[in-house]
Amino acid sequence: MKLRNIFFSIFIFLAIAINPSYLYPSESLLLNSLVDEALKNNPQIQAAKQRYKAALARVRLLRTLQDPKFEYEYDKITASMDNLMNNNTKPMRTFSISQEFPFPTKLFLRKQSAQKEANSYEQEYKETERKFIKNLKESYFQLFLTDKKINLTQENLSLLSQFIEIANKKYSVNKASQQDSLKAQVEYSKLSNQLVLLDQEEKIAQSMLNSILNRSLDTQIVSVEENSNKVLELDEKIMLRLAKESRPELRSFQEMVRKTEIDYSLSKQEYLPDFMLKYKREVNSSRPDSWAGMIGVTIPLWFWEKQDSFVKEAQANVGVVKAEYQAQENMILFEVRSSYARFEAAKKLVKIYETGVLPQAQAALETARRGYETDLLSFLDLLDFVRTLREFQMEYFESLANLEIALADLERSVGVDISK
């Protein structure tokens, strides 16, 4: 019967290993596919995209002339002398069409200004994408860390079960006190409680990830993989240069600086006149082919009140945007240095744990286990070795997650996918 149960357990293990859907019914997705899904479905990314499209449509709006004006006049009061003498009092009808023309350079500058504004919205759209890619990766690796902690806790529970069994055997032959078994069971209960809290953290991390993906919050994401970015070699100077060249937020500010400079030039154009052309045709019985033409021009007579104020306002706006751009550049360069430092520190910690701390702690636990089995070590000392190894393993996975989160933050600060 016991052998049958062992074979049944092996069969269940192989079935889950071949097809994890027996254990988790939801589909398994990789990080890259999650990023693509977020770019396609996230509402805030789509909102930024639509703002860019609206600004792009405005470019065509501002490069066109105002609509022409058509007028029709019906005049039965005023009649020509000939009509009165001939006892003909038919009304006079007048048709006219007019078109306003701004000074030629104004139309060109308005189009340029609108195009720079649209370019700025395009970069804001890209910045929104970078922001949510970063948020998605952070949530993804928080889920990765939680899953690793859950697996590690389950492994430690299995290990403690073995120690409890050893303690019970030693107690049965009077080689150990009952306190050893009780201590092991208390430690087992603590780990079981931690497992409950970790399950809760996993649900929260999955809900955050689903929120970014615009999915149902109870959708389960199973496949969380470890990336190989711990071997990625980066240079801080190159990262700073890339940030200046590629960060969408900085490029958005650059476009807004150019827009305000164009608006400043456009404000000076307000001193120049605009024009209007008008064609008018009269229709009556005495003068069937009479028509008139008119050309008008605006006179910026009150320039010291109106046009001067436009110029001063536009000049001040140039200074404001340039100062904001410089402040934003300083902040972004600080973000790059901070993220780079955290990435390098996490990478060094991962290497230290992999090459030194974890192998030594594992070897120490094996030694302690043999020492306890041969009565050379107390059970309390053995539990200390178990706790120490578990803490180091937790810290190792935290370092792995922090490395990936720092890289995601660095990619957002720089504005490009560094890992690619």
Side-chain angles (χ1 to χ4, degrees), residues 6 9-31 34 136-165 184-210 218-230 346 349-366 368-369 382-405:
I6 292 174
S9 300
I10 293 174
F11 170 78
I12 294 296
F13 173 80
L14 290 176
I16 294 174
I18 295 172
N19 188 1
S21 61
Y22 284 107
L23 187 59
Y24 301 105
S26 58
E27 61 177 331
S28 174
L29 296 174
L30 300 176
L31 179 58
L34 291 176
L136 182 139
K137 289 184 176 180
E138 285 184 352
S139 301
Y140 180 88
F141 288 109
Q142 285 292 346
L143 181 59
F144 161 79
L145 176 59
T146 305
D147 285 350
K148 289 298 183 182
K149 286 183 176 181
I150 289 174
N151 293 335
L152 186 59
T153 303
Q154 291 172 342
E155 291 174 3
N156 278 277
L157 285 172
S158 176
L159 184 63
L160 276 175
S161 297
Q162 298 176 23
F163 289 162
I164 291 173
E165 185 178 353
Q185 292 174 2
V186 168
E187 192 71 18
Y188 189 93
S189 298
K190 288 181 179 180
L191 284 181
S192 299
N193 293 338
Q194 289 181 10
L195 192 60
V196 173
L197 296 177
L198 288 172
D199 287 336
Q200 183 179 4
E201 290 181 12
E202 183 183 40
K203 291 179 181 178
I204 293 173
Q206 287 193 347
S207 297
M208 177 61 70
L209 201 55
N210 287 324
D218 56 356
T219 304
Q220 193 174 25
I221 300 171
V222 178
S223 178
V224 182
E225 296 182 344
E226 176 186 342
N227 283 16
S228 59
N229 291 318
K230 58 188 176 183
L349 280 176
V350 168
K351 185 176 182 180
I352 290 172
Y353 278 111
E354 288 180 342
T355 58
V357 175
L358 289 179
Q360 293 172 4
Q362 186 68 45
L365 177 61
E366 291 298 323
R369 179 176 179 173
L382 178 62
L383 283 181
D384 286 338
F385 279 104
V386 173
R387 292 193 194 101
T388 300
L389 177 60
R390 183 171 70 248
E391 289 173 1
F392 284 151
Q393 289 172 327
M394 293 284 191
E395 291 171 2
Y396 167 68
F397 288 121
E398 286 178 359
S399 299
L400 274 178
N402 290 337
L403 182 146
E404 298 296 343
I405 291 173

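Worth saying up front: this structure is predicted, and the values here are computed from it rather than measured.
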Item to complete: Can you measure from CD1 (Ile150) to CG (Leu145) and round to the nearest 0.5 angstrom?
Response: 10.0 Å
Fill in: More than 12 heavy atoms of other groups within 6.0 Å of Met394 CE
yes
Discussion item. If I take atom OG1 from residue Thr146 and atom CG from residue Asn151, how far apart are they, to the nearest 0.5 angstrom?
Written reply: 11.0 Å
Discussion item. Please find the pair of heavy atoms, one from Ile405 and one from Gln142, that lie closest to each other, and give the distance.
Written reply: CD1-NE2, 3.6 Å
Worksheet item: Where do Ser399 and Leu349 come nearest, in terms of heavy atoms and distance?
Response: OG-CB, 3.8 Å
Worksheet entry | Test log, rule side chain to side chain contact (heavy atoms under 4.5 Å, CB included), inputs Gln393 and Thr153 | CA-CA 10 Å; Gln393 289 172 327; Thr153 303; over 6 Å; no
Practice prompt. Any chance you could measure Ile204, atom CD1, to Leu209, atom CG, to the nearest 0.5 Å?
Written response: 13.5 Å
Worksheet entry | Pairing residues for Glu398 by the side-chain hydrogen bond (donor to acceptor under 3.5 Å, both in side chains) criterion, not counting sequence neighbours | Lys149
Practice prompt. Locate the shortest heavy-atom distance separating Gly356 from Pro359; write the atom from each residue and the value.
Written response: O-CD, 3.5 Å
Worksheet entry | Shortest non-hydrogen contact from Asn402 toward Ala346 | C-CB, 4.2 Å
Worksheet entry | Steps toward side chain to side chain contact (heavy atoms under 4.5 Å, CB included) verdict (Glu404, Leu400) | CA-CA 7 Å; Glu404 298 296 343; Leu400 274 178; 5.9 Å; no
Worksheet item: Would Leu403 and Phe141 count as a side chain to side chain contact (heavy atoms under 4.5 Å, CB included) if you check the C-alpha gap in whole Å, the side-chain angles of each, and the deciding distance to 0.1 Å?
Response: CA-CA 10 Å; Leu403 182 146; Phe141 288 109; over 6 Å; no
Worksheet, complete the sentence: Interatomic distance, CG@Leu143 vs NZ@Lys148, rounded to 0.5 Å, equals 11.5 Å
Fill in: Shortest non-hydrogen separation from Ser139 to Met208 and the atoms involved
OG-CG, 3.1 Å
Item to complete: Start with the C-alpha gap between Leu136 and Leu31, add the side-chain angles, then the distance that decides, and say whether side chain to side chain contact (heavy atoms under 4.5 Å, CB included) holds.
Response: CA-CA 9 Å; Leu136 182 139; Leu31 179 58; 3.7 Å; yes
Practice prompt. Anything under 30° is parallel, anything over 60° is perpendicular, the rest tilted; go ahead and classify Phe392 against Tyr353.
Written response: tilted
Discussion item. Counting only heavy atoms not in Glu395 (residues, nucleotides, ligands), do more than 12 fall under 6.0 Å from its CD?
Written reply: yes
Worksheet, complete the sentence: Glu391 meets the side-chain hydrogen bond (donor to acceptor under 3.5 Å, both in side chains) criterion, sequence neighbours left out, with none
